[in-house]
Structure formats: C-alpha cells, structure tokens
Amino acid sequence: MVRTLIAGNWKMNGLNSSLKEVEAIVDRLSGLADGADILLCPPATMIGAMASMAGDRLKVGGQCCHNKTSGAHTGDISAEMLVDAGATYVIVGHSERRDDHAERSAYVKSQAGAALRAGLVPIVCVGEEYAQRKRGETAEVIERIMRKSLPEMPSGGHGLVVAYEPKWAIGTGEIPTMAEIGEVHALIRKVLVDNYGMEGLKMPILYGGSMKPGNAAEILAVADVNGGLIGGASLKADDFMSIYEAAIN
Ligand code: 13P
C-alpha cells in the first residue's frame, strides 16, 4: 500500500497575507483522521513562515532547486537552503519550469539528485503536450522523460514521488478520462519498478492537472493514483481540504 499524498503547488502566488489559508488548513486538519499525507509548496519567500505554523501534519516543500549546494548562482536556491527553511519535499521538473526556464530532463535529474543529497523527497514531474496525446505518443513521451529525469537512489534516500501532469490539463479545467489516467499511471509504476526494483512499488504517483473538489474522488479512485499535485485548487483552504477529505474517505 502506498500512502496517499495530497500536494498543493501555490506556484507564483502567495503573500504573507495568504498565511491565513494555512491557519485554516492546520485548524481543519486537527479535526480529521490522519489518513493521508498533506503538503503545500509555497513560493520560497514563504517557506519559513509556513513551516513555523504548519504543525505536525502539514508538510512544506519547495517548487524547484538548483543542483549545487551553494555558490555563484544569483537568484537560485539550493536543496540545502530549502531544508534550512523547513522544507521536506521539493517539486522538480514541473512543466512550467521546463517551459519558462528551459529546464531539460538531464538537469531535472540532477535537481532530484540534489534533493536526495540534502534529505528532501523530490517530486519529479512528467507530462505530455496535447498534440502528443492526439498523435498517440503519450506512453512513449512519458517513458522517455522519466528515463532521463529519474535520479539514482542513494542508500538512505528519503524516497521519491512522481507526478503525472498532462500539460494540456494544467489550469484549463480539462482532464483526461479515468481510463487514460489509469494507463499512464500504470506505465509510470512499471518504469519506477524497472528503475528502482521493489522500492518502485512504494513510491507515490500523483495526478496533476485541474484536480478540484468536484473530480478528486473519482481521480483518486483510479488504480496507481496515489494522490494529487494541485495548483489552483490549493490556494483556498476550503477547496484544498475538500480534496484532502476526498482522499481520506
Ligand atoms: P492546476 O491544478 O492549477 O491545473 O495545476 C496543476 C499542476 O500544475 C500540476 O503539476
């Protein structure tokens, strides 16, 4: 059994005034069964403040990291710095980083390696474009990106998460069919097992792309969907916690 992980990605949203949402999440969590892990990845500016109010249940993560520990890399943040600020996870290879910052899979692999070195759990994102899905190339694209992006697992690594994010479903309100989600998640599981052996059976595979309170239960019921990577619907405590409740019910 893989423990479900409900992960929110605030992307470039959130000011200190948004910490009231975190307060509401922590408050609501205290009345709910501890049936799934829950994580928020705010902008780096908010990690420290969020971690200090997160309590025992809510985990905090970064949205990207450099592959080096420190040095002359203006504007970048290392995995060690995320740990120092209170993070325990980091998203790597999100399609928005791949597109906005030309982060290629080889670099994503080195970021994931850096995360493991620092003691963070990397959430490695993979997904296809709409045109690739239409051409029937989804499986080939996902497998290729995974093979290039997955890091070697050091002994003592704290685990790894993969997020399937069909690029065309992000922020659009559109989602693949449940059968399509199931096919991709089964493929991701197979590649994880090929790569990491039995450990690959324990790694959560998240679905990401317009997951909302209204569709979460159905998506989370698909085989090998072990949680969600949620953008827009993680910004409001009510929506995010409705998704969490769908995961524990
Ligand atoms: P939305 O939930 O806003 O579609 O974003 C999802 C996402 O970015 C998955 O990685």
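Everything numeric in this text was worked out from a predicted model, so none of it was measured. Each ligand, and each atom within it, is numbered from 1 in the order the structure gives.
- Of the charged side-chain nitrogens involved, at least one lies within less than 4.0 Å of a carboxylate oxygen, so that Asp238 and Arg28 count as a salt-bridged pair.
- At a heavy-atom cutoff of 4.0 Å, ligand 1 is surrounded by Lys11, His94, Glu165, Ala169, Ile170, Gly171, Gly208, Gly209, Ser210, Leu229, Ile230, Gly231, Gly232.
- Every residue meeting the side chain to side chain contact (heavy atoms under 4.5 Å, CB included) condition with Thr138, not counting sequence neighbours, appears here in chain and number order: Glu128, Arg133, Ile142, Tyr164, Val184.
- Test Arg97, Arg98, Lys148, Lys109 against Glu103 for salt bridge (charged side-chain N to carboxylate O under 4.0 Å, His left out) and you get one pass: Arg97.
- Cluster membership check: Ile77 does not share its hydrophobic cluster with Tyr89, using side-chain heavy-atom separations under 4.5 Å among Ile, Leu, Val, Met, Phe, Trp and Tyr.
- With rounding to the nearest 0.5 Å, the separation of CG in Asp100 from SG in Cys64 is 11.0 Å.
- The closest side-chain donor-acceptor pair between Arg189 and Asn226 falls under 3.5 angstrom.
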